[in-house]
S.K.: 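My questions will all concern the structure given below.
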Amino acid sequence: MEKIKSTILDIDYITHKNKPVIRLFAKEINNDKQREIIALDESFEPYIYILPSNDSKDIEKDLEEDFDIINLEWVIKKDFQIEKKILKAIFKHPQDVAKHRDSIRKLDSVKDIKEADIPFYRRYLIDNDIIPMDEVEFSGEFINSYETIKSKDKSLKILKLNKAPQKLQNKYQKFKILSFDLEVRNPNGMPNSSKDPIIMIGLASNFGFEKVISTKNKINSSNNSFIETVEDEKTMIERFVYYLKKHNVDIIVGYNSDNFDFPYIKERAKINNVELDLGVDGSGIKFIRRGYANAAAIKGLIHVDLYLVMRRYMALDRYTLERVYLELFGEEKIDVPGDRIWEFWDSDSDELDKLFDYSLDDVVSTIKIAEQILPLNLELTRIVGQPLFDLSRMATGQQAEWYLVKEAYKDNEVVPNKPAGIDLSNRDDNEGGYVKEPEVGLHENLVQFDFRSLYPSIIISKNISPDVLVLDDVENLSNYYVSPEHSYKFMKKPKGFIPSVIGNVLNERSKIKKQMRETDDETQKKSLDVQQQALKRLANTMYGIYGFSRFRWYSFECAQAITAWGREYIKDSMKKAEEYGFKTIYADTDGFYVKFDSN
DNA sequence: GTGAACCGGGG
DNA sequence: GTGTACGGTTCAC
């Protein structure tokens with residue numbers, strides 16, 4: 001039996017002999033061998049939870065019929081803190097869940113079904129407490145081949161697991177990141193991948209490698225050492241594939257690469273008859289439907305589209321690469337207008353030379369942005385426990401939700417379903433924080449007050465959580481926190497699910513801040529700082545999950561209660577300050593400015 | 001005034 | 001893939 005320490009980059013499942021097989025794409029990041037590993041787990045089975053109705057005496061008999069359920073088991077799970085006897089139904093294949101869940105839900109003996117919409121690979125990570133981008137220990141046997149893996153790469157190891165991977169101590173890991181960018185010759189409007197050829201492929205990395213592959217070279221041969229001139233577009237694409245494999249890249253980043261670069265190069269590769277077998281298993285680029293947009297996915301090579309990521313981290317009017325770069329680094333990029341690139345290319349003059357510099361500048365800027373933002377995303381990946389590929393495409397609310405799904409599993413709580421068919425049209429938007437418009441003028445001697453993490457603190461101190469919210473009349477009000485304005489009642493005991501999760505997040509953050517103060521190692525300090533930021537973000541997002549109607553823990557009452565208490569706190573504090581002779585100049589949500597009024 | 005349609009990023 | 005974005009603005013009537 002082999003025992004191998006390795007880092008899980010990605011996960012999916014395949015079907016083998018009609019059964020699902022989990023595939024973990026891993027690499028020996030902290031080991032000189034740097035081998036790529038596909039670990040296979042054939043033992044994991046899809047399941048859902050079934051809540052029996054009041055008339056449930058025939059439930060087991062009902063479920064025996066035609067639902068491809070291979071096993072039924074009574075388990076005890078908490079549903080909003082209340083322990084219940086629930087049926088766990090195990091299926092042969094994840095697709096059987098999709099096929100039968102609606103008919104099962106409609107049975108008279110069934111009240112509701114739960115956790116029937118959690119993707120199989122996410123279920124695997126949650127149930128086995130496996131953290132992507134962290135090191136694990138695999139135990140299993142190497143096998144020579146596996147039907148569905150067609151890689152020609154001899155160094156690839158395929159490992160058949162005989163138990164789930166074991167978590168190891170979290171270690172700092174340096175990933176190899178490469179950015180890429182295409183320039184194309186498009187004289188007629190926007191690029192058309194069936195007609196307009198790729199003229200340059202730019203590559204830059206966090207390990208010293210920089211290159212522009214092109215069919216031309218600079219006219220002036222100075223400063224052109226980064227250029228590799230090849231004979232045709234076909235060779236250009238082949239070299240792109242070659243460098244990605246040669247450098248054993250872990251993460252590939254682009255800017256709008258889900259929508260432009262990857263679809264474009266895939267089409268050009270097809271036209272030029274080049275095999276784009278970038279996947280560890282020998283597969284190509286797949287486009288995964290995410291709503292109306294596609295995400296470009298490569299097996300075992302994590303693709304992060306920074307455009308999507310940056311849109312979430314900055315509030316800008318536009319999110320062009322130029323704009324984002326300027327905002328982050330205060331420097332202008334080399335600019336060539338998109339509609340003139342073909343003219344620069346055709347000019348065979350100084351303008352062509354400028355186009356080469358522009359191409360390099362694009363990928364260098366992209367890698368700089370990646371180095372700035374990926375550490376935070378790697379930390380969030382570890383906290384949330386879902387793959388970086390997925391996490392980088394999630395809204396912050398979704399990140400918080402998957403974190404809660406993971407925590408619910410640990411607490412033996414059943415995960416609430418996504419709200420269905422809530423009519424929001426006759427419901428007012430929740431009133432936000434208190435804002436006092438600033439008094440016009442130049443003010444001196446201002447004093448600033450602000451509440452530290454106002455909303456997370458309120459959630460914890462008032463135990464605001466849907467599982468302890470009571471809407472019926474109660475006998476003894478002193479057992480409840482009662483919200484201002486709407487008088488919602490939250491039980492003082494037990495602690496609500498979400499307040500306890502936020503409490504854990506904030507405690508973890510305090511621990512990390514303490515470690516930060518105690519260490520003199522600058523690299524470690526930086527890494528800890530990123531971790532505490534990630535935890536702060538997560539805590540602050542928990543308020544949002546109450547307010548958006550498509551989230552599992554949606555609760556309009558909780559959202560209202562939080563902001564109502566927030567307004568009360570800030571107004572009370574302003575009033576106190578005014579009693580001491582201060583005058584409020586400006587206030588917004590969690591803080592205000594006052595000045596001493598000498599009159 | 002209202003709901004449908006479009007747009008972002010990329011060249 | 002145990003799935004189907006999103007929020008803001010402009011257009012069309």
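Residue numbers begin at 1 in each chain, while the letters A, B, ... track the order of the sequences.
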S.K.: Between B:dG9 and C:dA5, how far apart are the two C1' atoms, rounded to whole Å?
M.R.: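 B:dG9 and C:dA5 have their C1' atoms separated by 15 Å.
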S.K.: Quick one: A:Asp68 CG to C:dT2 P, roughly how many Å, whole number?
M.R.: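 It is 15 Å, rounded to the nearest whole Å.
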S.K.: Could you identify which residues of residues 120-133 of chain A place a heavy atom less than 4.0 Å from some atom of DNA chain C, listed by residue number, or say none?
M.R.: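 Under 4.0 Å from DNA chain C: A:Phe120, A:Arg123.
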S.K.: Going through the distances and angles, do A:Glu407 and A:Lys410 end up as a salt bridge (charged side-chain N to carboxylate O under 4.0 Å, His left out)?
M.R.: CA-CA 5 Å; A:Glu407 293 302 299; A:Lys410 286 188 190 164; 3.4 Å; yes
S.K.: Which part of the nucleic acid, if any, lies within reach of A:Tyr292 when heavy atoms closer than 4.0 Å are counted: base, sugar-phosphate only, or nothing?
M.R.: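 The residue A:Tyr292 makes base contact.
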S.K.: In whole Å, what is the span from the NZ atom of A:Lys92 to the C1' atom of C:dT2?
M.R.: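 Those two atoms, NZ and C1', are 17 Å apart.
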S.K.: Please enumerate all residues that pass side-chain hydrogen bond (donor to acceptor under 3.5 Å, both in side chains) together with A:Tyr47, with sequence neighbours excluded.
M.R.: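 A:Arg123, A:Asp127.
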S.K.: Give the intermediate values and the outcome of side chain to side chain contact (heavy atoms under 4.5 Å, CB included) for residues A:Val405 and A:Glu115.
M.R.: CA-CA 10 Å; A:Val405 171; A:Glu115 307 198 18; 5.8 Å; no
S.K.: Send over the distance from A:Phe551 CZ to C:dA5 P, rounded to a whole Å.
M.R.: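 Those two atoms, CZ and P, are 12 Å apart.
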S.K.: Heavy atoms only, 4.0 Å cut-off, all strands: where does A:Asp362 land among base, sugar-phosphate and nothing?
M.R.: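 Sugar-phosphate, no base atom in range.
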S.K.: CZ of A:Arg105 versus C1' of C:dT2: gap in Å, rounded?
M.R.: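 About 11 Å, once rounded to whole Å.
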S.K.: Tell me if the aromatic rings of A:Tyr255 and A:Tyr319 count as close, with their centers under 6.0 Å from one another.
M.R.: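 When the ring centroids of A:Tyr255 and A:Tyr319 are compared, they turn out to be at least 6.0 Å apart.
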S.K.: If I take atom OH in residue A:Tyr319 and atom P in nucleotide C:dG8, what distance separates them, rounded to the nearest angstrom?
M.R.: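 Distance check: A:Tyr319 OH to C:dG8 P gives 11 Å.
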S.K.: If you define the side chain from C-beta out and look only at heavy atoms, does anything of A:Leu107 sit under 4.5 Å from A:Leu63?
M.R.: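 In short, these two side chains touch, coming nearer than 4.5 Å.
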S.K.: To the nearest Å, give me how far apart CG (A:Asn259) and C1' (C:dC6) are.
M.R.: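 That distance rounds to 14 Å.
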S.K.: For the pair A:Arg101 and A:Asp117, evaluate side chain to side chain contact (heavy atoms under 4.5 Å, CB included) and give the outcome as yes or no after the intermediate values.
M.R.: CA-CA 9 Å; A:Arg101 65 185 161 202; A:Asp117 57 354; 4.2 Å; yes
S.K.: Please confirm whether the shortest side-chain N or O distance from A:Lys418 to OP1 or OP2 of C:dT4 is below 4.0 Å.
M.R.: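 So the side-chain polar atoms of A:Lys418 do come within 4.0 Å of the phosphate oxygens OP1 or OP2 of C:dT4, strictly under.
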S.K.: Would you please test A:Trp342 and A:Leu355 for side chain to side chain contact (heavy atoms under 4.5 Å, CB included) and show each step?
M.R.: CA-CA 10 Å; A:Trp342 69 278; A:Leu355 188 62; over 6 Å; no
S.K.: If you walk 5' to 3' along DNA chain B, what is the first nucleotide with an atom under 4.0 Å of a heavy atom in chain A, and what is the last?
M.R.: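 First-to-last contact on DNA chain B, by the 4.0 Å heavy-atom rule, is B:dG8 to B:dG11.
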S.K.: Pull out every residue in residues 396-408 of chain A that has a heavy atom closer than 4.0 Å to any atom of DNA chain B, ordered by number, or say none.
M.R.: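 The answer is none.
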S.K.: Going by number, which of residues 307-318 of chain A have a non-hydrogen atom under 4.0 Å from DNA chain B?
M.R.: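 Heavy-atom contacts with DNA chain B come from A:Tyr307, A:Arg311, A:Arg318.
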S.K.: Under 4.0 angstrom, heavy atoms only, what part of the nucleic acid is A:Ile118 near: base, sugar-phosphate, or nothing?
M.R.: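 Answer is base: heavy atoms of A:Ile118 come under 4.0 Å of a base.
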S.K.: Kindly indicate whether the side chain of A:Val364, heavy atoms from C-beta on, has any atom under 4.5 Å from the side chain of A:Glu210.
M.R.: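 Answer yes - side chains close enough.
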S.K.: When you look at A:Met200 and A:Val363, which way does the side chain to side chain contact (heavy atoms under 4.5 Å, CB included) test go after all the steps?
M.R.: CA-CA 12 Å; A:Met200 294 178 185; A:Val363 278; over 6 Å; no
S.K.: State yes or no: are the ring centers of A:Phe287 and A:Phe262 separated by less than 6.0 Å?
M.R.: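 Centroid distance A:Phe287-A:Phe262: not below 6.0 Å, so no.
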S.K.: So, applying salt bridge (charged side-chain N to carboxylate O under 4.0 Å, His left out) with A:Asp12, which one of A:Arg122, A:Arg23, A:Lys286 is it?
M.R.: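 Filter result, single survivor: A:Arg23.
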S.K.: Distance-only, no hydrogens or angles: does the A:Asp361 side chain make a donor-acceptor pair with backbone N or O of A:Asp357 under 3.5 Å?
M.R.: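 Such a contact is absent between A:Asp361 side chain and A:Asp357 backbone.
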S.K.: Would you sort out whether A:Lys92 and A:Asp68 count as a salt bridge (charged side-chain N to carboxylate O under 4.0 Å, His left out), showing the intermediate values?
M.R.: CA-CA 7 Å; A:Lys92 190 170 182 185; A:Asp68 296 320; over 6 Å; no
S.K.: For the pair made of CD1 in A:Ile90 and P in C:dT2, what is the distance, rounded to whole Å?
M.R.: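 Value for this atom pair: 17 Å.
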S.K.: Does a side chain donor of either A:Ser359 or A:Asp362 reach within less than 3.5 Å of an acceptor in the other side chain?
M.R.: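 Their side chains do not contain a donor-acceptor pair, so the 3.5 Å distance test is not met.
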S.K.: Passes ring pair (Phe, Tyr, Trp, His ring centres under 6.0 Å), A:Phe44 versus A:Tyr13? Steps please.
M.R.: CA-CA 10 Å; A:Phe44 194 62; A:Tyr13 83 90; over 10 Å; no
S.K.: Does the A:Glu331 side chain pair with the main chain of A:Tyr325, one donor and one acceptor, at a distance under 3.5 Å?
M.R.: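 Checking the backbone N and O of A:Tyr325 against the side chain of A:Glu331, no donor-acceptor pair under 3.5 Å is found.
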S.K.: Could you tell me whether A:Gly254 contacts a base, only the sugar-phosphate backbone, or nothing, with contacts defined as non-hydrogen atoms closer than 4.0 Å?
M.R.: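 Since no nucleic acid heavy atom lies under 4.0 Å of A:Gly254, the category is nothing.
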S.K.: Out of the candidates A:Phe497, A:Trp402, A:Phe80, A:Phe548, only one should pair with A:Trp553 under the ring pair (Phe, Tyr, Trp, His ring centres under 6.0 Å) rule; please name it.
M.R.: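 Among the candidates, only A:Phe497 passes.
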S.K.: Could you list by number each residue of residues 194-204 of chain A showing a heavy-atom separation from DNA chain C of less than 4.0 Å, or answer none if no residue does?
M.R.: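 Residues of residues 194-204 of chain A under 4.0 Å from DNA chain C: none.
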S.K.: For A:Phe389 and C:dG3, give me the distance from atom CZ to atom C1', rounded to whole Å.
M.R.: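 To the nearest whole Å, that distance equals 13 Å.
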S.K.: For C:dT4, does OP1 or OP2 lie under 4.0 Å from any side-chain N or O of A:Arg393?
M.R.: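 Negative; the distance criterion is not met.
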S.K.: Would you indicate what A:Arg550 reaches in the nucleic acid, counting non-hydrogen atoms under 4.0 angstrom: base, sugar-phosphate, or nothing?
M.R.: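 Contact class for A:Arg550: sugar-phosphate only.
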S.K.: Quick one: label A:Tyr13 by what it contacts on the DNA or RNA (base, sugar-phosphate, nothing), any heavy atom closer than 4.0 Å.
M.R.: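 Contact class for A:Tyr13: sugar-phosphate only.
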